[in-house]
Participant: 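One structure coming up, written as structure tokens, with questions to follow.
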Amino acid sequence: MPETRPADTRLCRDCDGFPTVAITTGRTSTDGSRHTATVACRTCDGTGTVHPAHARQVSRV
């Protein structure tokens, strides 16, 4: 599969480029489907990439 993002874009170190996930709550509805909660990465705000200025700031901590 070809790479679609620019080479200078850095992936988020916390989510590794997968910024949004669906987590099952353990409950099921009457039709048998599961209840899920969609959660976005707090570090990159759901973008999957890190702005270069933010990356420098995080690396200092």
Participant: For the CZ atom of R34 and the OG1 atom of T28, what is their distance to the nearest 0.5 Å?
Facilitator: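 Reported value, rounded in 0.5 Å steps: 8.5 Å.
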
Participant: If you take all heavy atoms of A40 and G46, which pair is closest and at what distance?
Facilitator: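 In this case the closest contact between A40 and G46 is CB-CA, 4.1 Å.
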
Participant: For residues V50 and L11, report the shortest heavy-atom separation together with the two atoms involved.
Facilitator: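 Heavy atoms of V50 and L11 come nearest at CG2-O, 4.0 Å.
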
Participant: Considering only heavy atoms from C-beta outward, does the side chain of T20 approach that of V39 to under 4.5 Å?
Facilitator: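 T20 does not reach V39 side chain to side chain.
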
Participant: Only counting residues at least two apart or in another chain, list the ones meeting side-chain hydrogen bond (donor to acceptor under 3.5 Å, both in side chains) with D45.
Facilitator: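 Checked D45 against side-chain hydrogen bond (donor to acceptor under 3.5 Å, both in side chains); zero matches.
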
Participant: Once rounded to the nearest 0.5 Å, what's the spacing between atom CZ of R10 and atom OG1 of T49?
Facilitator: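 Atom-to-atom, R10:CZ and T49:OG1 are 11.0 Å apart.
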
Participant: For the pair T25 (side chain) and H35 (backbone), establish whether a donor and an acceptor sit closer than 3.5 Å, ignoring hydrogens and angles.
Facilitator: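 Yes, because the side chain of T25 sits within donor-acceptor range (under 3.5 Å) of the backbone of H35.
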
Participant: Given side chains that start at C-beta, do those of C12 and P19 come closer than 4.5 Å, heavy atoms only?
Facilitator: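 Heavy-atom side-chain distance check fails, nothing below 4.5 Å.
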
Participant: Once side-chain hydrogen bond (donor to acceptor under 3.5 Å, both in side chains) is applied, do any residues pair with D31, and if so which ones, sequence neighbours excluded?
Facilitator: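 Once residues adjacent in sequence are excluded, the partners of D31 under the side-chain hydrogen bond (donor to acceptor under 3.5 Å, both in side chains) criterion are S29, S33.
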
